[in-house]
Amino acid sequence: MKIGLIGCGNMGSAILKGILAAGAFKPTELIASAQSEGTRNKIKNEYNITLADSNQDVVRLADIVFLAVKPHCYAEVIAGIKDLVRRDQMFVSMAPGKSLAWLEQCFEKEVKLMRMMPNTPAMVKEGMTAYCVNERVEAQEKEKAAKICGYFGRAEEVDEALMDVVTSVSGSSPAYVFMFIEAMADAAVADGMPRAKAYTFAAQSVLGSAKMVLETGMHPAVLKDMVCSPGGTTIEAVRVLEEKGMRSSVIEAMKACVHKAKGM
């Protein structure tokens, strides 16, 4: 089986790195295309996989094709490859707001389709990926594609109706977390800690807290209460965060993200 990527930006690169690191495919079984000369050189020299001369070459050679281009490019890219699509191929979309029905309409034919929504932590093999497929994808094909998604983090199947929610809760959320880490580090710097050390302390605290949620199975509120001693420093910080509307700000930001995704 050969894996193809049309586009090789941040997410395309993350997928490639995860697949190669897993050792499940040889570099010769991977093929990618890209527009920029810099990205093309990276495909050829850094990843040592097959560099396609065109998107059409990717479709001719690959069994599973990841469409790793910007959402506004999808219609144009699909128009350029749709006449080469084979019945046994699967195409994987990473575009928010582009439904399976919309994608099939662009292809103008019956085609095996998967929608996935990864996030940038896939670059360090800690991504969270949601996926769904259309009715033409057989069980074993879905299993293979889901396994590939698992090479760069966790992967879970969701109903397509939830894909816009996935965009806000995992697809876009690394940006919120990075802002939180940056804010914590800024505060530590303001109180005298060197910036590099502040980033380390803040980032490791976020990483460890997330692992506690995933590995203990305990409710986040219970874990929070474990840190908040009566009359202590933590509950005082929590009081200020509540006063400043931290929860409502996060909720409203995520609802705005979902609204934007639905309109794309």
Side-chain angles (χ1 to χ4, degrees), residues 11 14 18 22 94 96 115-132 146-147 149-262:
M11 287 313 311
M94 290 185 276
R115 280 185 70 186
M116 61 179 279
M117 178 53 61
N119 60 11
T120 55
M123 298 174 72
V124 292
K125 293 188 288 185
E126 288 292 350
M128 183 66 237
T129 300
Y131 66 89
C132 60
K147 188 173 183 179
C149 293
Y151 292 149
F152 41 90
R154 295 177 181 239
E156 289 196 18
E157 185 175 9
V158 301
D159 189 278
E160 187 177 18
L162 292 175
M163 288 299 284
D164 293 326
V165 180
V166 168
T167 300
S168 74
V169 75
S170 61
S172 298
S173 64
Y176 329 149
V177 177
F178 297 145
M179 291 174 68
F180 182 55
I181 290 171
E182 186 180 31
M184 287 200 297
D186 282 347
V189 170
D191 285 327
M193 181 176 283
R195 182 162 292 279
K197 195 174 291 293
Y199 284 138
T200 298
F201 274 75
Q204 180 61 39
S205 294
V206 170
L207 174 64
S209 301
K211 288 192 72 172
M212 287 184 73
V213 173
L214 292 173
E215 294 183 8
T216 68
M218 297 172 68
H219 194 287
V222 174
L223 294 171
K224 179 209 70 178
D225 287 351
M226 288 168 57
V227 192
C228 295
S229 301
T233 56
T234 306
I235 193 63
E236 182 64 15
V238 168
R239 180 190 67 77
V240 174
L241 289 171
E242 294 286 15
E243 180 181 70
K244 300 298 182 181
M246 178 183 176
R247 292 176 198 251
S248 62
S249 294
V250 171
I251 291 169
E252 291 305 313
M254 291 178 63
K255 289 179 72 66
C257 187
V258 172
H259 179 75
K260 180 71 173 181
K262 289 180 181 294

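Contact record, Thr120 with Pro174: OG1-CB, 3.8 Å, taken as the closest heavy-atom pair. Across all their heavy atoms, Gly171 and Asn119 have their closest contact at O-CB, 3.9 Å. For the residue pair Phe152 and Pro118, the shortest heavy atom distance occurs at CE1-CB, 4.4 Å.
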Ignoring hydrogens and angles, write down the donor-acceptor pairs under 3.5 Å from the side chains of residues 201-212, residues two or more places apart or on other chains.
residue	atom	partner	partner atom	Å
Ser205	OG	Phe201	O	2.8
Ser209	OG	Ser205	O	2.7

Show which side-chain atoms of residues 179-198 pair as donor or acceptor with protein atoms under 3.5 Å away, not counting sequence neighbours.
residue	atom	partner	partner atom	Å
Asp186	OD1	Arg195	NH1	2.9
Asp186	OD1	Arg195	NH2	3.1
Arg195	NH1	Tyr199	OH	3.0

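Considering CE of Met128 and CG of Leu214, their distance stands at 9.0 Å, rounded to 0.5 Å. The distance from atom CG of Asp159 to atom SG of Cys132, rounded to the nearest 0.5 Å, is 7.5 Å. The OG1 atom of Thr234 lies 12.0 Å from the CE atom of Met226; values are rounded to the nearest 0.5 Å. Ser170 contributes atom OG, which lies 12.5 Å from atom CZ of Arg154 (distance to the nearest 0.5 angstrom). Considering CE of Met163 and OH of Tyr131, their distance stands at 11.0 Å, rounded to 0.5 Å.
Screening residues 164-173 for salt bridge (charged side-chain N to carboxylate O under 4.0 Å, His left out) gives Asp164-Lys262 as the qualifying pairs, with residues at least two apart or on separate chains. Sorted by first and then second residue, the salt bridge (charged side-chain N to carboxylate O under 4.0 Å, His left out) pairs with a member in residues 220-236 read Glu236-Arg239; sequence neighbours excluded.
In this structure, the side chains of Pro96 and Met117 come closer than 4.5 Å at one or more pairs of heavy atoms. Thr167 is listed as a side-chain neighbour of Cys257, based on a closest heavy-atom distance under 4.5 Å.
Partners of Glu243 by side chain to side chain donor-acceptor pair (under 3.5 Å), not counting sequence neighbours: none found. With sequence neighbours excluded, no residue forms a side-chain contact (heavy atoms from CB on, under 4.5 Å) with Lys260. Scanning for salt bridge (Lys or Arg N to Asp or Glu O under 4.0 Å) contacts around Glu160 gives Arg115, with sequence neighbours left out. Here Glu242 pairs with Arg247 under the salt bridge (Lys or Arg N to Asp or Glu O under 4.0 Å) rule; sequence neighbours left out. Partners of Glu157 according to the side chain to side chain donor-acceptor pair (under 3.5 Å) rule, which considers only residues two or more places apart in sequence or in another chain, are Lys142.
Remark: the backbone N or O of Val169 is not paired with any side-chain donor or acceptor of Tyr176 at under 3.5 angstrom.
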